[in-house]
Amino acid sequence: MTFVPFAKPDLSDQEFAAVRAVLESGWLTTGERVHEFEGAFAAAVGAKHAVALNSCTAALHLALDAIALRAGDEVIIPAYTFTATAEVVLYFGATPVLVDIDARTLNIDPRRVAEAVTARTKAIIPVHFGGLAADLDALRAIAEPRGIAIIDDAAHAFPSRYNGKYIGSISDITCFSFYATKTITTGEGGMLCTDNDVYAARCRLMSLHGISHDAWKRYRAEGSWYYEVVAPGFKYNMTDIAAALGLAQLRRADAMRARRQEIAERYNAAFEGHDFDLPAFGDAREHAWHIYPLRLPRGADRGVFVDALRAREIGASVHFIPLHLHPFYRDRYGFTPDSFPVSTAEYEREVSLPIYSAMSDADLDAVIGAVTAVIRGASRVLAG
Ligand SMILES: *Cc1c(COP(=O)(O)O)cnc(C)c1O
């Protein structure tokens with residue numbers, strides 16, 4: 001029996017060839033491949049602008065800079081997310097205002113958002129959990145009349161759609177991740193998408209030291225040695241090595257997504273009728289299926305369940321340990337587990353199963369076999 005890891009990148013000969021070609025070209029950092037990747041990605045999601053960066057966290061940071069977030073402002077985010085969503089708000093001396101989620105979708109609950117809005121609210125950052133789009137219409141109804149920006153944390157959501165439209169073409173700014181475990185990867189990387197010319201120009205400027213436009217060309221034949229620094233920027237640019245990898249992944253993204261949907265449907269069929277709560281998905285074709293969140297019966301011992309899977313050579317994970325349970329956020333804001341009861345309750349029974357396009361049918365059968373065996377064998381696990 002071989003171990004089925006929780007995540008694994010799906011790399012074909014195309015990715016190897018693309019990276020090799022960049023290495024052979026002698027131009028390794030931001031250049032033509034990045035430019036090409038930005039164009040292809042913008043076209044894929046239907047955005048006017050795409051800015052390639054070295055992470056989704058960088059994209060979120062630049063997005064908040066673009067909307068001119070200031071110290072004392074507030075940004076509403078779900079408690080049930082990765083720390084990146086919140087930490088970028090703290091970079092500005094602003095306050096991440098945590099709100100609870102919808103128990104079925106695991107996405108931010110618009111009713112809780114409406115309650116959390118104040119005169120200081122500058123933005124809402126919904127997270128499309130696992131690749132399932134958050135309720136963007138409800139969020140827009142809250143945000144638009146008050147001039148509040150919506151910045152999507154779409155780290156899980158390429159390619160995802162919401163009522164037929166791609167995530168990346170809907171909100172004011174959308175931030176994608178190409179981290180090693182995400183739906184397409186460049187090792188580390190991210191993309192910021194927007195239709196707003198001013199935001200796009202500001203993000204591009206700030207992504208490379210605040211140097212006036214096309215600074216990366218200064219070492220090329222067509223470039224000039226002269227440049228001007230017009231703001232204290234950051235160092236968030238993507239390399240051509242990463243972009244070449246991203247371009248090859250982008251060409252395969254739909255096929256990879258289709259395979260993940262197939263895996264999700266196999267899981268759903270196999271686990272239906274047991275005591276689990278299966279992931280909510282609406283139209284399965286709109287879902288990026290980055291995470292398959294299985295939820296155990298309330299009171300079940302999730303630790304025992306994950307250990308039992310591991311003993312059967314299956315790597316599972318948990319998404320997310322909500323922010324209010326981490327020492328930093330707990331102590332800084334005085335949170336208790338009851339501060340966000342839905343997030344706490346869903347976290348305690350969530351298990352993320354392996355779901356990636358490099359998974360073979362044998363891997364898939366192994367996961368289904370192991371989960372089924374654990375359910376049958378370990379009544380103490382599911383005694384809840
Ligand atoms: C992975 C992730 C991020 C961060 O992405 P990076 O590209 O690693 O910066 C942000 N938000 C969520 C919800 C994530 O899962």
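Counting starts at 1 for both ligands and their atoms, in listed order.
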Could you check, using the six-membered ring where one of them is a Trp, whether Phe129 and Tyr80 have ring centers closer than 6.0 angstrom? yes
Near-ring test Phe6/His319, centroid separation under 6.0 angstrom: yes
On the 0 to 90° scale, with breaks at 30° and 60°, tag the Phe271-Tyr267 ring pair as parallel, tilted or perpendicular. parallel
Using the six-membered ring of Tyr166, assess whether NZ or CZ of Arg161 lies under 6.0 Å from its centre and within 45 degrees of the ring axis. yes
Starting from the N and O atoms of ligand 1, collect every protein N/O partner closer than 3.5 Å and put each pair on its own line with the distance to 0.1 Å.
unit_1, atom_1, unit_2, atom_2, d
ligand 1, 5 (O), Ser177, OG, 3.3
ligand 1, 7 (O), Cys56, N, 2.9
ligand 1, 7 (O), Ser177, OG, 2.7
ligand 1, 9 (O), Cys56, N, 3.3
ligand 1, 9 (O), Thr57, N, 2.9
ligand 1, 9 (O), Thr57, OG1, 2.5
ligand 1, 11 (N), Asp153, OD1, 3.2
ligand 1, 11 (N), Asp153, OD2, 2.7
ligand 1, 15 (O), His156, NE2, 2.7
ligand 1, 15 (O), Lys182, NZ, 3.1

If we only count heavy atoms from C-beta on, is the Leu296 to Glu350 side-chain gap below 4.5 Å? no
Heavy atoms of Met238 and Phe178 approach each other most closely as CE-CD1, 4.0 Å
